[in-house]
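In this chain, residues are counted from 1 in sequence order. Counting convention: from 1, in listed order, for ligands and their atoms alike. Small disclaimer: the values here were computed from a predicted structure and weren't measured.
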Amino acid sequence: MPILVVGSVALDGVETPFARVESVLGGAASYFSTAASLYDQVNLVAVVGSDFPQEYLDFLRNRPINLSGLQVEEGKTFYWSGRYHMDMNSRDTLDTQLGVYADFHPVIPDEYKHSPLVFLANIQPELQTEVLNQMPHARLTVLDTMELWINTAKAQLTEVIKRVDILLLSEEEVRQYTEQASILKGVRHLLSMGLQYVVVKLGSYGALLFGADGTYFTAPSYPLEEVVDPTGAGDGFAGGLLGYLSTVETDAQGHYAVDDIKRAVVHGNIIGSFVCADFSIDRLRTLTMDDIAKRYKELVVYSHFDPTWRPVHL
Ligand code: AMP
């Protein structure tokens with residue numbers, strides 16, 4: 001089942017306490033497409049400038065990623081740069097230049113319109129809305145965003161949240177958006193806006209899943225000895241989540257089983273862990289389904305505990 005994604009395709013500059021790279025392939029939609037294309041076909045909607053390197057276009061084209069919806073416009077590609085702190089979980093944004101995104105309006109090619117799964121990756125909320133308006137028959141819609149849009153476009157973001165099925169946010173973003181110190185209270189507020197699920201990403205600690213039906217599930221992260229660059233881990237997470245869902249059946253009403261949503265969150269954590277192992281999308285270039293299956297099995301062992309314990313009453 002093909003997955004449609006709209007989001008940034010960017011050139012990134014990244015600085016960690018240990019290394020630095022400049023103008024590498026980045027952007028939420030790049031990470032997402034590279035990850036999700038391990039599972040199924042991705043239909044990409046984005047824009048790049050005339051400075052976008054041919055080598056990156058070729059990389060995307062050589063995967064099961066449809067580029068009919070990728071516009072190439074005269075001007076500069078979206079540019080983002082950030083610097084990580086020693087803990088490699090928190091970062092400062094140093095620069096954001098929208099470039100050709102400033103005048104971009106997504107146009108969904110006819111051949112994309114049957115995509116049952118839609119991922120609205122991080123981009124201006126108005127553009128996410130424009131995509132939803134062109135995809136009235138989507139089966140599952142998933143939304144991501146970031147601090148910048150919570151601070152500068154909250155009303156527009158609220159309109160998109162009300163129209164999607166699943167929202168992905170970091171713990172900090174839940175607090176910023178809902179203005180609640182408690183994640184549980186914040187998530188309750190978000191679910192009251194009509195979402196089916198909220199996924200709270202905890203960086204190197206994993207992710208939490210909350211359902212409107214009362215579902216609560218906690219998925220541990222895969223333990224990494226070395227984090228090279230966490231940029232794009234959230235977008236890779238979304239790629240694993242939607243990628244996995246593209247491979248399973250829904251019920252007759254088009255709903256996914258809760259167990260599949262839980263497995264999808266585990267796939268998200270696994271792909272996120274691989275993204276962190278190198279700069280840009282580099283670790284994903286050689287990633288295989290066998291690598292994913294190996295980490296899946298390990299995570300089952302790491303998070304399983306004995307359900308038969310009973311208290312001994314003295
Ligand atoms: P993540 O680490 O998952 O938050 O994703 C980082 C990616 O998001 C980087 O590759 C950036 O190019 C991209 N990005 C950063 N800021 C923005 C923004 N304001 N809008 C869209 N994409 C962005």
Side-chain angles (χ1 to χ4, degrees), residues 5-16 21-36 44-49 52 56 60 76-85 87-102 104 106 119-128 131 142-154 156-157 160 167-173 176 199-204 207 221 227-242 268-269 271-284:
V5 57
V6 63
S8 52
V9 171
L11 296 174
D12 285 352
V14 177
E15 213 180 303
T16 73
V21 289
E22 189 46 56
S23 296
V24 294
L25 176 59
S30 310
Y31 283 103
F32 178 87
S33 303
T34 308
L44 174 65
V45 180
V47 63
V48 291
F52 192 67
Y56 295 156
L60 296 169
K76 292 255 177 228
T77 298
F78 185 105
Y79 177 80
W80 174 84
S81 68
R83 181 187 295 137
Y84 285 88
H85 300 179
D87 68 359
M88 295 291 269
N89 250 341
S90 53
R91 71 181 177 210
D92 297 324
T93 290
L94 302 177
D95 197 4
T96 302
Q97 293 174 28
L98 288 182
V100 286
Y101 271 93
F104 173 62
F119 181 53
L120 305 170
N122 182 19
I123 198 68
Q124 297 99 305
E126 313 89 85
L127 301 184
Q128 295 174 320
V131 170
V142 181
L143 174 69
D144 193 13
T145 190
M146 76 184 309
E147 184 186 353
L148 177 67
W149 312 122
I150 297 174
N151 292 336
T152 62
K154 190 165 179 185
Q156 294 92 321
L157 178 60
V160 201
L167 174 64
L168 313 178
L169 285 182
S170 72
E171 190 182 5
E172 262 324 290
E173 289 161 354
Q176 272 158 9
V199 177
V200 182
K201 295 174 287 179
L202 306 176
S204 61
S221 61
V227 172
V228 173
D229 174 16
T231 308
D235 313 307
F237 178 95
L241 183 136
L242 272 153
N269 277 344
I271 300 285
S273 73
F274 282 114
V275 170
C276 294
D278 207 340
F279 284 102
S280 181
I281 44 69
D282 285 354
R283 178 59 186 92
L284 303 186

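Those atoms of ligand 1 with a heavy atom of Ala10 less than 4.0 angstrom away are 12 (O). Within the listing of ligand 1, atoms 10 (O) sit less than 4.0 angstrom from a heavy atom of Gly26. Shown in contact with Arg91 at under 4.0 Å from a heavy atom are these atoms of ligand 1, numbered in order with element: 1 (P), 2 (O), 4 (O). Which parts of ligand 1 touch Tyr31 is read off a 4.0 Å heavy-atom cut-off, strictly below it: atoms 10 (O). Close approach to Met146 involves these atoms of ligand 1, each under 4.0 Å from a residue heavy atom: 16 (N), 17 (C), 18 (C), 19 (N). Atoms of ligand 1 found under 4.0 Å from any heavy atom of Gly232, numbered from 1 in the order shown, are 1 (P), 2 (O), 3 (O), 5 (O), 6 (C). Those atoms of ligand 1 that come under 4.0 Å of a heavy atom in Thr231, given as number and element, are 2 (O), 6 (C), 9 (C), 10 (O). Atoms of ligand 1 lying under 4.0 Å from at least one heavy atom of Asp235, given by number and element, are 1 (P), 3 (O), 5 (O), 6 (C), 7 (C).
From Phe119, atom CZ reaches atom CG of Asp235 across 6.0 Å, with rounding to the nearest 0.5 Å. Rounded to the nearest 0.5 Å, atoms CG (Asp12) and CH2 (Trp80) are 5.5 Å apart. Met146 contributes atom CE, which lies 10.0 Å from atom CD of Gln176 (distance to the nearest 0.5 angstrom). How far CG of Leu157 is from CD of Gln124: 12.0 Å, rounded to the nearest 0.5 Å.
Checked for salt-bridge contact, Arg283 and Asp229 miss the test: no charged N lies under 4.0 Å from a carboxylate O.
For atom 15 (C) of ligand 1, the closest heavy atom belonging to the protein is Trp80 CD1, 3.4 Å. In this structure, atom 10 (O) of ligand 1 lies nearest to the protein heavy atom Asp12 OD2, 2.4 Å. The protein heavy-atom contact nearest to atom 14 (N) of ligand 1 is Asn122 ND2, 4.0 Å.
For ligand 1, the polar-atom distance check finds no N/O of Leu148 at less than 3.5 Å from any of the ligand's N/O atoms. Considering backbone and side-chain atoms together, Phe78 places no N or O closer than 3.5 Å to any N or O of ligand 1. For the pair Ser8 and ligand 1, the shortest N or O to N or O distance falls below 3.5 Å.
Within the 4.0 Å heavy-atom cutoff, Trp149 counts among the residues contacting ligand 1.
Considering all non-hydrogen atoms of both residues, Phe274 and Leu284 come closest at CB-CD2, 4.1 Å.
Relative to atom 8 (O) of ligand 1, the option among Ala28, Ser170, Ser280 with the closest non-hydrogen atom is Ala28.
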Could you walk me through whether Lys201 and Phe237 satisfy the side chain to side chain contact (heavy atoms under 4.5 Å, CB included) test, starting with their C-alpha distance in whole Å, then the side-chain angles of each, then the deciding distance to 0.1 Å, before giving a yes or no? CA-CA 9 Å; Lys201 295 174 287 179; Phe237 178 95; 4.2 Å; yes
Evaluate Ser204 against Asn89 for side chain to side chain donor-acceptor pair (under 3.5 Å), listing each step before the verdict. CA-CA 7 Å; Ser204 61; Asn89 250 341; 2.9 Å; yes
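A 4.5 Å side-chain heavy-atom check between Thr231 and Tyr31 finds at least one atom pair inside the cut-off.
In this structure, Tyr56 contributes its side chain and Val9 its backbone to no donor-acceptor pair below 3.5 Å.
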